[in-house]
Amino acid sequence: KNIKQTYLDFILPILYFLFLLIIFQKTNLDVWISSHFYSISNQWEFRDNFFLEKIIHKDGVLLTIAIFITLIFYRLYLHRKSENLNRKKYIDYVIASSLLTILIVYLLKQIANSPCPWHSAHFTADGRATPDLLHLFSFTNQPSYCFPSGHASGGYAFLSFYYGQL
């Protein structure tokens, strides 16, 4: 693989992420975006939405588990076939990186102090202030278990499908 392709595949996504992180931390862009989902009656418009709350937020973990179990069975199937060495390595990579991501997300949830969006001081009178990046992992307060979001961590875990193909 040449340097330019490595740059495009690995470095550029990281730079985009850091750029967006800085933009969100130094501006009120995240608050502006969130305000479009917040009603005048001081509540999140979609907080009790069946699809978002039940299917995406609560049951999203079931989809992650189903994909992971499918990967394990597929790997067991490939174990019997000796000619699929590249495919075996790819599936091993996806399984290992997914497990590592899930473990990292679990550990971050144990220490992160970011409030849940509906408890953000930007939107409720009694909510905690939204911390900036430096205060996200404060050891003086109890963790809120809202960051990183569990339903999104399945998406983080399976980014390895993309990177494993490179």
Side-chain angles (χ1 to χ4, degrees), residues 1-25 30 33-34 37 44 46-47 49-120 130-139 141-166:
K1 218 181 236 201
N2 64 31
I3 298 292
K4 183 178 180 182
Q5 191 62 44
T6 300
Y7 173 78
L8 291 174
D9 292 339
F10 291 101
I11 307 297
L12 204 54
I14 291 170
L15 291 175
Y16 284 145
F17 170 75
L18 291 174
F19 173 75
L20 288 174
L21 187 66
I22 291 168
I23 293 296
F24 280 151
Q25 287 296 308
D30 55 342
I33 292 170
S34 299
F37 299 98
W44 287 98
F46 304 106
R47 173 120 193 237
N49 178 281
F50 175 79
F51 179 75
L52 295 176
E53 180 67 21
K54 175 82 172 112
I55 305 298
I56 301 294
H57 191 237
K58 300 289 185 200
D59 292 341
V61 69
L62 298 177
L63 177 62
T64 301
I65 291 168
I67 292 171
F68 195 74
I69 289 172
T70 302
L71 282 171
I72 290 173
F73 278 115
Y74 183 57
R75 180 56 179 96
L76 292 172
Y77 167 78
L78 288 176
H79 182 69
R80 294 186 282 166
K81 300 195 174 260
S82 61
E83 70 273 2
N84 290 323
L85 186 60
N86 285 340
R87 179 64 54 183
K88 287 178 189 178
K89 286 181 180 180
Y90 172 67
I91 297 301
D92 289 344
Y93 172 81
V94 170
I95 290 171
S97 62
S98 298
L99 280 174
L100 182 62
T101 302
I102 290 167
L103 176 66
I104 290 169
V105 166
Y106 172 79
L107 294 173
L108 286 173
K109 280 182 156 307
Q110 302 306 307
I111 61 172
N113 192 24
S114 180
C116 297
W118 44 83
H119 295 138
S120 176
T130 303
D132 61 14
L133 205 54
L134 298 174
H135 299 95
L136 186 59
F137 299 104
S138 169
F139 293 103
N141 298 324
Q142 291 293 325
S144 65
Y145 305 106
C146 284
F147 174 83
S149 66
H151 58 287
S153 65
Y156 305 144
F158 294 120
L159 275 174
S160 55
F161 277 114
Y162 169 75
Y163 285 106
Q165 291 286 347
L166 303 179

To the nearest 0.5 Å, atom OG1 of Thr70 lies from atom CD1 of Ile65 at 11.5 Å

CG on Leu15 to CG on Leu20, rounded to 0.5 Å: 11.0 Å

Any side-chain heavy atom of Ile67 sitting closer than 4.5 Å to one from Phe161? yes

Just jot down the side-chain contact (heavy atoms from CB on, under 4.5 Å) partners of Asp59, sequence neighbours excluded, or say none. Lys54, Leu62

Output for pair (Leu76 CG, Ile91 CD1), nearest 0.5 Å, gives 11.5 Å

I need the Ile95 CD1 to Tyr74 OH distance, nearest 0.5 Å. 11.0 Å

Looking only at non-hydrogen atoms, find the nearest pair between Arg87 and Leu78 and report the distance. CG-CD1, 3.3 Å

Rounded distance (nearest 0.5 Å) linking atom CZ of Phe68 with atom CZ of Phe73: 12.0 Å

Working to the nearest 0.5 angstrom, can you tell me the gap between Ile69 CD1 and Thr64 OG1? 11.0 Å

Non-neighbouring partners of Ser97 that pass side chain to side chain donor-acceptor pair (under 3.5 Å), sequence neighbours left out: Ser160

Is the closest side-chain heavy-atom distance between Thr101 and Phe158 below 4.5 Å? no

Minimum heavy-atom distance between His79 and Lys88, given as atom pair plus value: O-NZ, 3.9 Å

I'd like to check Leu99 versus Leu103 (side-chain heavy atoms, cut-off strictly below 4.5 Å). Are they in contact? no

